[in-house]
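These values consider heavy atoms only, across backbone and side chains, with no hydrogens, waters or symmetry-generated copies. Order of the sequence lines fixes the chain letters, A, B, ..., with proteins taken first and strands second; residue numbering starts at 1 for each chain.
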2 protein chains.
Amino acid sequence: MFVSDYRNVTLLSGFWKKKEDLNRDVTIDAVYNRFDETGRIKAFKCDWKEGDPQQPHFFWDSDVAKWLEGAAYILKSNDRPDLTEKAEWIIDQIEKNQGEDGYFNIYFTVVQPEKRFTTRDWHELYCAGHLMEAACAYYEATGRDRMLKLMEKYADYIHRVFIEEKSANFTTPGHEEIELALYRMYKTTGKQKYLDMCEFFLENRGQPGNNEAQIFDAAHYAQSHAPIRDQHEAFGHSVRAAYLYSGMADLAGEKHDEALLTACRDLFDDITKKKMYVTGGVGSTNIGEAFTIPYDLPNAHAYTETCASIGMMFFGERMFRIDPEHPSKYHDVVELEMYNGALSGLSLSGEEFFYENPLEINLVERTRITATNHREHWPITQRVKVFGCSCCPPNINRVFSSMGTYFYTYDDASGAVYVNQFGTSVFEKDGVKVSVETDYPLNGLVKITSNAPVYVRIPAWCRKFTADKAHVMVNGYAKFDAGEITVDFEMKTELIAGSVNIVKNLGKCAVRRGPIVYCAEGLDNGGDVHTLYVDRGTVAQAELELCGKCGCYAITLKGFRRVDVDTDSLYTPLEENYIPADIRMIPYHAFANRGETDMLVWMNYR
Amino acid sequence: MFVSDYRNVTLLSGFWKKKEDLNRDVTIDAVYNRFDETGRIKAFKCDWKEGDPQQPHFFWDSDVAKWLEGAAYILKSNDRPDLTEKAEWIIDQIEKNQGEDGYFNIYFTVVQPEKRFTTRDWHELYCAGHLMEAACAYYEATGRDRMLKLMEKYADYIHRVFIEEKSANFTTPGHEEIELALYRMYKTTGKQKYLDMCEFFLENRGQPGNNEAQIFDAAHYAQSHAPIRDQHEAFGHSVRAAYLYSGMADLAGEKHDEALLTACRDLFDDITKKKMYVTGGVGSTNIGEAFTIPYDLPNAHAYTETCASIGMMFFGERMFRIDPEHPSKYHDVVELEMYNGALSGLSLSGEEFFYENPLEINLVERTRITATNHREHWPITQRVKVFGCSCCPPNINRVFSSMGTYFYTYDDASGAVYVNQFGTSVFEKDGVKVSVETDYPLNGLVKITSNAPVYVRIPAWCRKFTADKAHVMVNGYAKFDAGEITVDFEMKTELIAGSVNIVKNLGKCAVRRGPIVYCAEGLDNGGDVHTLYVDRGTVAQAELELCGKCGCYAITLKGFRRVDVDTDSLYTPLEENYIPADIRMIPYHAFANRGETDMLVWMNYR
């Protein structure tokens, strides 16, 4: 069996260790404090009454549950009595307010109790799923099983309502999450019942005859348009989709279900080959927070929710484990999200968040003054401390405190270790020990010491690497025997083109160095980034400058700025009027940390 | 005084003579028949009752009035008893159903009589204005003054309600039109009262304290945000704006009002230098059918209503006459609209119409399947015979039957004639006679015979011209003495760039030859026009082929098509993978005449 478990991994230094520390020292408290101020914490007391301020929302349980899950991971290797106290207080409230029958949901207890399990899209099972994940995480990290027991009771109640009595108004949830959570409950408790429930909710999805009232005006929105084995293209709300596909992957791996594995593979390929931004962002439209048609990837209006990128990390990590070929493409996508699409959701300060992650900001374009065009949706340009729908911040909490999950995977059958992501760190399990030293992603030099065979992922961005030991290539991994190994991935600044099918990017290029995708911000470039052209012939002379704040290099490229010669005319004969201009680019994940300014990923070039 | 009057001009052959004939032989009847089928004609009987089909809309009077105006111009020089009969029948109905007080409006007679003059945005005075224009046109063309008398009576009633009694619920109309119509009533009847009314409606617009209930959520929408002399930037609904500015120009010219002239000049420059497509289209957003901010000119979502381009012809033609410098820029814009933005509103068959005139069609992009994104607005891709809001078709009727207006302007003080637009034609007035022979716009050779001094506009697109007679340049016009003159405008296929401020067009070019802007359609180019790149180095070798249907040349340019080498990856290192490709382009005005297909004005180039 392939196991990816953060508990076997210690990050020691470098890029992700710093992010892990930032999350532990800043972000986990920042999210808690905002949740406290907005009433999400005290809502667990379940004493809200009509007329009180801060009426609980039906998704609040999930926000706090994700925070609790993140706190649990931190508690695994940190002495943080303050976090334990907060966690235990929340668990106290759940214990106190859980129904005799096992039910727990704040909104449906204090706001609309008569609506329990009546409304498919009101996130009831989604909240339950996040509470279950938190319970598993808290138990695994701390050994305390009180929350787990409470959630077992809740899961048992859900089993009764949905499977035994079939008394709910719907068969499957509008927002997926409980599927993968139930699989985790099964793995944590060993109880077959939870696997059966996971299977129930997955297998019933999109089945004709089930009571799956359409949400908005389409079944596609909530992936209810077809049974799961018939889903081969990604549709609808992108976070729901990624969570569903992750649950499908769990089940496919557990059951060695070929048809389900095929669906998962097709979905993964459909997203990554047709519906993903160069940053890893997915779900391009705000309308339904959804996937659209292939290659429809507008830059300024990119929705690309942080949670969707995180969801792709979940999906990719699972696919790597369950695909019998374990190809490297899955962790290529995990890496893309880690360094770009997901990471951009958090400010460098660790206290502010993006829900949407656009690939272009043009402030002038946003200032349309015609009275009635406020309807056009623009992503915000500066991260904020909390959102009304604040799913992304605690999602960062839980992922950044369990990053080890993505670094190593252990094959307990062969005793080999897959090195999937790179950072100075140690993996230890069953007497197997792998140590890695590297400055990645600053450069591609990775030193590995292992007492077991290791498979080292050769990143998709790397076109040439050297190794000082013999190896064989296996599905994108270089396999080495135990020993001391030095691998060097050639890391150069390079220009990236999109497929010709992405019409809006034709004639434009993105800038990438190793796993990091870059962007140009106005405040580094005289305000205007849209008239800049990268000089493609001089990319090899790009200058690097280490930025202490973001932990990566800023890049200065040679280029040009197009100017108007006849400033009195809107249209003039085409003449190439360019003046030389240096173009300073920073990692995409670090944009919008110095005030509001224009930003661009896809640059013109000459 | 400068006079532009179609009655002094006879088109003899060539491009616009054919369009004039098409309008007379096809379009005028096509519009009438659609209006008949949709109930607009019989609505003039004012016998609609609740429960009847085809309930009159509050703008129907204006649709038919514009048709009537167009029919009048045709009757000036054609024996068409059928048109006379139809016109007289309509006038019969107006006479029969006009109130004792002079009021005439179908909707407010048969649908909501209690709402007369209560609702600023319900087009009541707009309809009145179009009826007045039709009355003037019919009188001028046929000598029959029955309709003119009816409309004088109506105008007198409006004077009573709005100026004497101030009993209407609003001070100025939500949709402008009556201002320029009243000016025309003044010029036709010589009655000062109508000039005073024109002045009243103009001067009261946007005055604080007036009852100008906001439409939608902003005064800008209907240009009511400021008094007219304080308006220096174009805002709001573009057709309303163009009609208002035309009325302002009429008044500024009549009163020699410097401040008002300055406002008109500023508005003209604001539009043409910041808010106009390369095709002449204006009003870039469907939201409010409006101008937005400078340089916000999206191509696929261009709204660019046909009526707005026609409105710019009205505004430009007036500005030319009233600006004491009479610079050529005004008729440059008229020409741009004639051959592109306005002309694209009519199919080559003469029977079908565009309301919106986009600069790009990407059929795949339109097929977004996510359930909820139907909200995005896309212009239609094929012309239709009639619209629910069918203002554009009869606007084409009236403009195409009075095109002589735009060809010559007579300065009755000096006896000189301005040759503004070019076609084989004769101008005659007060013993002055100017004959022109030319194949324009196929080439730039123009032979002029004149017994008076002539000013020949040197088109803005022309960078070199020759003349066989001595001349002096006066504000963009070449002034010649009476005699036989040959002028040759060098006409070459050329590539056009937009200002760097139009961010979406950076790195792209438009193709123009003389006054004609070109586009590439998918069906000429293997389906896909978006991956084509014009080879800028070979434009001089462009091949021309005369198209009998549109009366212009199609152009074949050398170019390239970008292809994906690695079709399995969405993003790859930038390599310039191009295969040679001929690019066939047709006049923009002729797009969408052969079935639905992709279309592109702004092309990539190398």
Side-chain angles (χ1 to χ4, degrees), chain A residues 214 216-221 235-236 272-274 276 278 285 287-288 290-293 295-296 362 364-365 367-373 375-376 460 463 494-503 506-510 530-531 533 536 562-564 567-575 604-605, chain B residues 216-221 235-236 272-274 276 278 285 287-288 290-296 362 364-365 367-373 375-376 460 463 494-503 506-510 530-531 533 536 562-564 567-575 604-605:
Chain A
Q214 288 193 1
F216 284 70
D217 62 350
H220 287 83
Y221 171 72
F235 283 116
T272 57
K273 293 182 179 180
K274 293 180 181 169
M276 180 177 268
V278 71
T285 181
I287 301 166
F291 290 104
T292 74
I293 57 168
Y295 314 112
D296 175 37
N362 180 335
V364 171
E365 201 181 11
T367 62
R368 297 193 192 160
I369 39 185
T370 306
T372 48
N373 61 7
R375 279 183 279 170
E376 188 157 354
R463 281 185 283 171
E494 62 180 353
L495 306 186
I496 303 298
S499 158
V500 295
N501 294 305
I502 311 173
V503 168
L506 280 170
K508 300 182 191 298
C509 67
H530 289 84
T531 56
Y533 285 64
R536 69 186 303 252
R562 222 205 86 184
V563 292
D564 282 338
T567 54
D568 204 40
S569 297
L570 197 47
Y571 304 102
T572 55
L574 179 67
E575 280 164 32
N604 285 308
Y605 68 88
Chain B
F216 284 71
D217 61 349
H220 287 83
Y221 171 72
F235 283 116
T272 58
K273 293 183 179 179
K274 294 179 180 169
M276 180 176 269
V278 71
T285 182
I287 302 166
F291 290 105
T292 74
I293 58 167
Y295 313 112
D296 175 38
N362 181 334
V364 172
E365 201 182 11
T367 62
R368 297 192 191 160
I369 41 186
T370 306
T372 47
N373 62 7
R375 278 182 280 170
E376 187 157 354
R463 281 185 282 172
E494 62 180 353
L495 305 186
I496 303 298
S499 159
V500 294
N501 295 305
I502 310 173
V503 168
L506 281 170
K508 299 182 192 297
C509 67
H530 290 84
T531 56
Y533 284 64
R536 70 187 303 254
R562 222 205 86 183
V563 292
D564 282 336
T567 54
D568 203 41
S569 297
L570 197 48
Y571 303 102
T572 55
L574 178 68
E575 279 163 35
N604 285 308
Y605 68 87

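A 4.5 Å side-chain heavy-atom check between A:D568 and B:K273 finds at least one atom pair inside the cut-off. Side-chain contact between B:V364 and A:I293: present, with at least one pair of heavy atoms (C-beta onward) separated by less than 4.5 Å.
The closest donor-acceptor contact from the side chain of A:N604 to the backbone of B:G507 lies at 3.5 Å or more, if one exists at all. Between the A:Y571 side chain and the B:V278 main chain, a donor and an acceptor come within less than 3.5 Å of each other.
A distance of 9.0 Å separates CE of B:M276 from CG of A:L570, quoted to the nearest 0.5 Å. In this structure, NE2 on A:H530 lies 14.0 Å from CD1 on B:I502, to the nearest 0.5 angstrom.
Among A:P573, A:S569, A:C509, the residue making the largest number of heavy-atom pairs under 4.5 Å with chain B is A:P573. Per-residue counts of heavy-atom pairs under 4.5 Å with chain A were compared for B:E575, B:R536, B:K274; the largest is that of B:R536. For the options B:T567, B:T531, B:N362, B:T572, heavy-atom pairs under 4.5 Å to chain A are most numerous at B:T572.
Closest heavy-atom contact between B:Y605 and A:L574: OH-CD1, 3.6 Å. Taking every heavy atom of both residues into account, A:N501 and B:D564 meet most closely at ND2-OD2, 4.0 Å. Contact record, B:R562 with A:A497: NH1-CB, 4.0 Å, taken as the closest heavy-atom pair.
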